[in-house]
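Before any comments, here is the structure.
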Amino acid sequence: MTAATHSPLFPQVPDSADAVLEGLDPEQREVATALRGPVCVLAGAGTGKTRAITHRIAYGVRAGILHPSTVLAVTFTNRAAGEMRGRLRQLGAQGVQARTFHSAALRQLQYFWPKVIGGSMPRLVDRKIQLVADAAAACRIRLDRGELRDVTGEIEWSKVTQTVPADYALAAAKAGREAPRDPAEIAQLYAAYEDLKRDRAVIDFEDVLLLTVAVLQDRQDVAEQVRAQYQHFVVDEYQDVSPLQQRLLELWLGDRDDLCVVGDASQTIYSFTGATPDHLLDFRTRHPAATVVKLVRDYRSTPQVVHLANGLLSQARGRAADHRLELISQRDPGPEPGYAEYADEPAEAEGAARRIRELLAAGVPAAEIAILFRTNAQSETYEQALADVGVPYQLRGAERFFDRPEVRKAGVALRGAARFGGNDTLLEDTVDLPSQVRAVLSGEGWTPQPPAGSGAVRERWESLAALVNLAHDFVAARPAATLADLVAELDERANAQHAPTVQGVTLASLHSAKGLEWDVVFLVGVAEGMMPITYARTDEQIEEERRLLYVGVTRARERLHVSWALSRSPGGRPSRRPSRFLDGLRPGSGAAARGSVGAAGGIERGFAAAAVGTPAVPRRTQRTPARCRVCGRSLTDAGEMKLMRCEDCPSDMDEGLYARLRDWRAVQAQRNGQPAFCVFTDKTLMAIAETVPEEDGELARIPGVGVRKLNRYGADVLAICAGQDVGGEEAGD
């Protein structure tokens with residue numbers, strides 16, 4: 001029995017309702033035939049969930065139980081909705097509405113607006129950034145492009161969580177969000193943005209949902225008309241619904257329960273947008289009579305890939321982990337996942353490129369190979385490595401590195417400095433090429449220390465930091481290189497990567513890879529600080545990073561390659577370690593700390609309605625500021641947090657360097673007339689001696705080294721770390 005994800009180009013339409021059920025496994029068949037009452041489908045990666053729900057709709061239509069025009073299937077992307085419509089046509093179920101939440105709501109709003117409001121509906125703006133910029137100007141708040149994107153994201157989150165401007169600060173704090181600006185400023189911008197929309201008679205995509213909800217709540221006649229039209233609902237990717245989408249779904253349903261939801265809590269990776277798996281996990285509580293079907297037969301991946309995916313989740317914690325599914329591969333065995341450790345990031349990229357070239361030579365189509373990474377800023381190294389070996393590629397879900405606005409703008413600034421650097425005051429105190437690049441890019445938003453949190457500001461900083469790192473690597477290879485030489489190198493790289501690459505290897509972030517699959521997947525950069533990402537600090541954030549890696553692993557059908565680099569650049573100190581998520585799973589990493597066994601496949605019938613109203617046990621979440629980089633344990637002691645390891649975990653500190661730093665500190669303290677710890681504490685010196693930073697950015701990331709101390713002592717500390725004798729001379733203020 002198979003449920004392959006690949007189907008013939010022109011499949012034959014089943015000639016009867018029973019024929020629709022042919023080829024389904026027992027659990028998929030249960031989904032297809034459970035046509036009444038609430039149904040919850042918990043579907044693991046690769047288990048044929050789209051197949052199950054489209055056959056469910058088609059079987060109901062072909063059997064005469066469901067009328068096509070009364071069925072509404074909703075999902076989250078136009079691509080997924082289009083795929084669903086295509087499959088329904090192939091099964092002979094034309095006329096079923098398969099739409100995104102926004103598309104379905106917009107259609108209803110356009111229809112009822114003249115009746116409910118009167119006149120024509122306001123114009124829908126597809127990009128709200130310009131409106132946010134105008135709101136900022138009205139508030140006399142200056143925002144750069146990255147901040148505009150971040151503030152826009154906060155406004156979108158507020159609206160999908162039904163948070164009004166006055167409540168933003170409290171709601172953001174409660175949700176643990178790292179606001180890109182002062183919360184009071186964002187609330188002010190949010191309010192001004194809403195005022196501007198009203199003044200200009202426009203609405204945004206979130207308004208479409210909000211207004212539809214308002215109409216259905218306020219007008220009983222409209223709600224009854226919609227409910228008479230749509231009597232049967234199917235919701236795909238239910239773990240990604242926001243509170244606003246859930247409210248709309250409840251209004252569509254009314255007091256009925258003809259609802260089928262499909263999802264997997266272990267693939268919840270968009271919580272930063274307001275998505276929450278709670279609606280999926282609480283489905284049985286809200287609908288005690290629901291039928292729950294668990295799909296665990298994985299038709300996508302080999303047993304070897306599935307074993308790694310199950311192992312990742314076996315170590316997970318939290319509510320989603322308690323409901324994880326133990327996948328069972330239905331494919332023939334394949335090769336074991338490969339693990340590779342490299343000295344530095346360029347070597348890691350070159351290793352992946354060489355292996356891909358071998359695969360292409362062996363006949364693997366380029367379109368069936370993907371390189372997946374955590375952040376878009378990582379793409380440049382892989383773009384270059386593939387271009388160097390003549391392998392075509394396509395970038396999914398992001399602009400090419402050299403096409404990004406901040407990179408283009410930085411290139412213009414560097415080109416201008418190369419031409420007129422003698423008259424540029426920014427370059428007056430620079431002594432080498434890297435310091436020139438840092439000075440120029442500081443005017444574009446680069447700082448020695450990365451901004452807190454995620455989002456557009458962080459992405460922009462990472463792009464600029466990649467250019468700073470590139471300058472260091474370039475001068476290491478060509479010590480006599482000038483700024484003009486670096487600009488020429490950047491131009492050559494940009495030009496080399498503009499060749500047509502439609503049929504190439506896919507480069508994608510893990511987030512943008514959701515819903516896709518390839519025969520061969522390279523998961524790169526799987527090291528601490530990148531996976532989990534360095535700004536993931538709470539237990540909930542760490543677990544979402546684990547789920548993100550799980551999504552990456554389950555994209556692979558046949559072959560999976562996992563790699564990491566011990567240092568960022570060639571010749572750098574090998575201070576990195578593989579991701580904690582691989583502990584106990586990769587060869588030589590010890591035994592895994594196993595969690596509870598995941599849920600098996602099967603069907604659970606609803607229980608008595610008397611269970612309605614049973615109070616749910618409240619969840620308690622614990623926030624932790626950091627984790628040990630050696631053992632992964634949560635850190636709460638301030639001294640341990642500075643070291644980024646437990647006090648009793650093994651140290652790789654350079655004892656000689658630590659002694660030299662202490663001697664230097666004693667001289668500085670005496671000259672400043674202050675205690676030694678006011679220069680740097682012992683823990684900070686130990687962290688420096690363990691990290692051995694090579695540049696300002698690495699030193700600035702060490703807890704206890706702020707901007708002031710970096711400016712005052714940074715040059716001395718870096719010189720000592722490089723083995724130079726600074727003679728106890730005081731760094732300049």
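- Under the 3.5 Å distance criterion, with hydrogens and angles disregarded, no donor-acceptor pair is assigned to the side chains of Gln108 and Thr212.
- To the nearest 0.5 Å, the span separating CG on Asp240 from OG1 on Thr75 amounts to 8.5 Å.
- Arg123 places no side-chain N or O within donor-acceptor distance of the main-chain N or O of Val202, the cut-off being under 3.5 Å.
- Panel note: side chain Thr161, backbone Ser158; a donor-acceptor pair is recorded below 3.5 Å.
- Counting heavy atoms from C-beta on, the side chains of Asn78 and Thr100 come closer than 4.5 Å.
- One N or O on the side chain of Glu545 and one on the backbone of Ile533 form a donor-acceptor pair closer than 3.5 Å.
- Within the structure, every pair that satisfies the salt bridge (Lys or Arg N to Asp or Glu O under 4.0 Å) test and touches residues 153-170, not counting sequence neighbours, is listed here: Lys128-Glu156, Glu154-Arg177, Lys159-Glu194, Lys159-Asp204, Lys159-Asp207.
- Panel note: side chain Gln378, backbone Met530; no donor-acceptor pair is recorded below 3.5 Å.
- Contact annotation: the side chain of Met121 approaches that of Leu109 to within less than 4.5 Å [non-hydrogen atoms, C-beta and beyond].
- The line from CG of Leu510 to CG of Leu372 is 5.5 Å long, rounded to the nearest 0.5 Å.
- Using a cutoff of 4.0 Å between basic side-chain nitrogens and carboxylate oxygens, Arg227 and Glu224 are not scored as salt-bridged.
- A side-chain N or O of Glu250 and one of Gln246 form a donor-acceptor pair less than 3.5 Å apart.
- In this structure, the side chain of Thr54 engages the main chain of Thr50 through a donor-acceptor pair within 3.5 Å.
- Ion pairing between a basic and an acidic side chain is recognised when a charged N comes within 4.0 Å of a carboxylate O; Arg546 and Glu543 show such pairing.
- Atom CD of Glu444 is separated from atom CG of Leu414 by 8.0 Å, given to the nearest 0.5 angstrom.
- Using a 30° and 60° split on the angle between ring planes, Tyr238 and His279 fall in the tilted class, from 30° to 60°.
- Applying the side chain to side chain donor-acceptor pair (under 3.5 Å) test to Gln188 and every residue at least two apart in sequence or in another chain returns nothing.
- Using a cut-off of 4.0 Å between Lys/Arg side-chain N and Asp/Glu carboxylate O, Asp150 and Arg181 are scored as not salt-bridged.
- Between Arg374 atom CZ and Leu548 atom CG the span is 5.5 Å, to the nearest 0.5 Å.
- Looking at Asp278 and Arg319, a side-chain N of the basic residue comes within less than 4.0 Å of a carboxylate O on the acidic one, giving a salt bridge.
- Salt bridge annotation for Arg87-Glu83: present, with a cationic side-chain nitrogen under 4.0 angstrom from a carboxylate oxygen.
- Residue Trp252 comes nearest to Ala104 through the heavy atom pair CH2-CB, 3.9 Å, listed as atom of the first residue, atom of the second, then distance.
- The minimum heavy-atom distance between Arg79 and Gly515, with the atom names listed, is NH2-O, 3.9 Å.
- With contacts defined as side-chain heavy-atom distances shorter than 4.5 Å, the pair Tyr550/Ser266 qualifies.
- Heavy atoms only, all atoms of each residue included: Glu383 and Leu507 are closest at CG-CD1, 3.6 Å.
- With a 4.5 Å cut-off on side-chain heavy atoms, Leu143 and Leu189 count as touching.
- Of the charged side-chain nitrogens involved, at least one lies within less than 4.0 Å of a carboxylate oxygen, so that Lys49 and Asp236 count as a salt-bridged pair.
- Between the side chains of Gln130 and Asp134, at least one donor N or O sits under 3.5 Å from an acceptor N or O.
- Side-chain N or O atoms of Gln541 include one that pairs as donor or acceptor with a backbone N or O of Thr538 at under 3.5 Å.
- Nearest heavy-atom pair, Leu441 versus Leu467, reported as atom, atom and distance to 0.1 Å: CD1-CB, 3.8 Å.
- With values rounded to the nearest 0.5 angstrom, Leu106 atom CG is found 7.0 Å from Ile203 atom CD1.
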Set out, in order, the CA-CA distance, both residues' side-chain angles and the distance that settles salt bridge (Lys or Arg N to Asp or Glu O under 4.0 Å) for Glu237 and Lys514, then state yes or no. CA-CA 11 Å; Glu237 303 288 3; Lys514 178 76 167 64; 3.4 Å; yes
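- Remark: the backbone N or O of Thr268 is paired with a side-chain donor or acceptor of Arg547 at under 3.5 angstrom.
- With Ser509 contributing its side chain and Phe373 its backbone, the two residues share no donor-acceptor pair below 3.5 Å.
- For the atom pair Gln239 CD and Ser271 OG, the distance stands at 12.0 Å (nearest 0.5 Å).
- Distance alone, capped at 3.5 Å, places no donor-acceptor pair between the Gln217 side chain and the Ala214 backbone.
- The two residues Phe283 and Leu259 make their nearest non-hydrogen contact at CE1-CD2, 3.7 Å.
- Under the 30°/60° scheme for interplanar angles, the aromatic rings of Tyr168 and Trp157 are found to stand perpendicular.
- Nearest heavy atoms, Pro165 versus Ala187: O-CB, 3.4 Å.
- A salt bridge between Asp258 and Arg256 is absent, with no side-chain N of the basic residue lying under 4.0 Å from a carboxylate O of the acidic one.
- A donor-acceptor pair is defined here as one N or O able to donate and one able to accept, closer than 3.5 Å; no such pair exists between the side chain of Tyr193 and the backbone of Ala133.
- Remark: Arg701 does not engage Asp696 in a salt bridge, criterion side-chain N to carboxylate O under 4.0 Å.
- The shortest side-chain heavy-atom distance between Phe76 and His102 does not fall under the 4.5 Å cut-off.
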